[in-house]
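Written out below as structure tokens is the structure these notes cover.
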Amino acid sequence: MTTPVDLGDVAAHGAAPIRTRRHVPGSSASDLHTALLDWFAAEARDLPWRDPATGAWGVLVSEIMLQQTPVARVEPRWRDWMARWPSPADLAAASPADVLRAWDRLGYPRRALRLREAAAAISRDHGGLVPTGMADLLALPGVGTYTAAAVTAFAYRRRAVVLDTNVRRVLARLVGGRALPPPTQVVAESERARALLPDGDEESARWNAALMELGALVCTARAPSCSACPVRTECAWLLAGRPADAHASNRRTQAWHGTDRQARGRILAMVRQATGPVTPTDLARAWEPGPQYERALAGLLTDGLVAATTAPDGVVLGYALPLT
DNA sequence: AAGACGGGGCA
DNA sequence: TGCCCAGTCTT
């Protein structure tokens, strides 16, 4: 149905994006755009935060939860969260303890505290409405480049360069002809993404979502389903014979067992599940005594994830989630 | 630019 | 076991 765009040059040089958008009267979309947007219209998952009835607050909550956490684990937590705190003001009025318990085991619990702080800032500085500009969004705790762009695109349906791990991988393959993007994001990637972004607001928003969805469902990191890909005839990586990852040796896998992070997780899990303060003796059962335990607990206190209750003489009676 | 920061699921 | 996941913040 469509004529594949010739990406041979891109595949050969592996360099920057080279195609520009076509401006055909009556049709602003290139064949590439049409193919991916049609696929997205047919195959997109029915995620609750994509419901048009979900407002910007719901989108923001979903984006924070989805930072480094897969969709399948986020969805039930998001539903509970939105039922309990349907507006920023509702969350701002909640205690950190309630927020951390509702966060459950989504991981990176500092995100939960930052989301609460963001809700307070939204209530205080923006009349209770999630701000619309990139600068105001970026000023919110826990909102970085990706999340600000995602809220702009998916909540407000405006043009923004949304570059997450999925989009980076899809563009690295489709346009760059590489197996995977570089270990850390480089300027050329955002330029490439911008060059491909449709001009229209609504169309660009759908394009961003479609790229992410393709990366999540088809153009996956481990075992991409190229035979099912709607843009396989235009993929520089596939056309080049799916060459192996060039930076494989530079990628560093993060340790887990026996790390400070695991110790923090164990300690916080014990405090989170307790109904009242945990005595120092009980808490010490969460991890082997020693400098690592002390370091982990101190870090949790510093981060505001755990609070100590003390007697008048300063002796620690117990540890609990912070009530304020 | 590099490191810290959770936790679970799948090959 | 190793790798991956809609990243952000600090140094």
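Keep in mind that what you see is a predicted model, and the values were worked out from it rather than measured.
For the segment residues 101-113 of chain A, no residue has any heavy atom less than 4.0 angstrom from an atom of DNA chain C. Within residues 47-64 of chain A, the residues approached by DNA chain C to less than 4.0 Å at the level of any non-hydrogen atom are Leu47(A), Trp49(A), Arg50(A), Glu63(A), in residue-number order.
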Write down the protein N/O and nucleotide N/O pairs, taken from nucleotides 9-11 of chain B, whose separation is under 3.5 Å; answer none if there are no such pairs.
none

Below 3.5 Å between N/O atoms, which protein atoms pair up with nucleotides 1-3 of chain B? Just atom names and distances, please.
none

Quick test: give all pairs of protein nitrogen or oxygen and nucleotides 9-11 of chain C nitrogen or oxygen below 3.5 Å, distance rounded to 0.1 Å.
unit_1	atom_1	unit_2	atom_2	d
dC9(C)	OP1	Gly142(A)	N	2.8

Handout entry: Step-by-step salt bridge (charged side-chain N to carboxylate O under 4.0 Å, His left out) determination, Asp260(A) to Arg295(A)
Key = CA-CA 8 Å; Asp260(A) 286 15; Arg295(A) 195 164 59 236; 2.7 Å; yes
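Shown here are the ring pair (Phe, Tyr, Trp, His ring centres under 6.0 Å) partners of Trp39(A), two or more places apart in sequence or in another chain: there are none. With sequence neighbours excluded, the residues satisfying side-chain hydrogen bond (donor to acceptor under 3.5 Å, both in side chains) with Arg45(A) are Glu213(A). Scored by the side-chain hydrogen bond (donor to acceptor under 3.5 Å, both in side chains) test, Tyr108(A) finds Arg261(A) as partners (sequence neighbours excluded). Among residues two or more places apart in sequence or in another chain, the ring pair (Phe, Tyr, Trp, His ring centres under 6.0 Å) test is passed with Trp57(A) by none.
For Asp303(A) and Arg110(A), the salt-bridge test passes: some basic side-chain N is under 4.0 Å from an acidic carboxylate O.
For dT8(C), the OP1/OP2 oxygens have a side-chain nitrogen or oxygen of Thr147(A) closer than 4.0 Å. A sub-4.0 Å separation between OP1 or OP2 of dG6(B) and a side-chain N or O of Arg266(A) is absent.
Applying the ring-ring contact (aromatic ring centres under 6.0 Å, His included) test to pairs two or more places apart or on separate chains, those with a residue in residues 197-217 of chain A are His33(A)-Trp207(A). Evaluation of the side chain to side chain donor-acceptor pair (under 3.5 Å) test over residues 111-137 of chain A, restricted to residues two or more places apart or in two chains, returns Thr69(A)-Arg111(A). Sorted by first and then second residue, the side chain to side chain donor-acceptor pair (under 3.5 Å) pairs involving residues 306-324 of chain A (not counting sequence neighbours) form an empty list.
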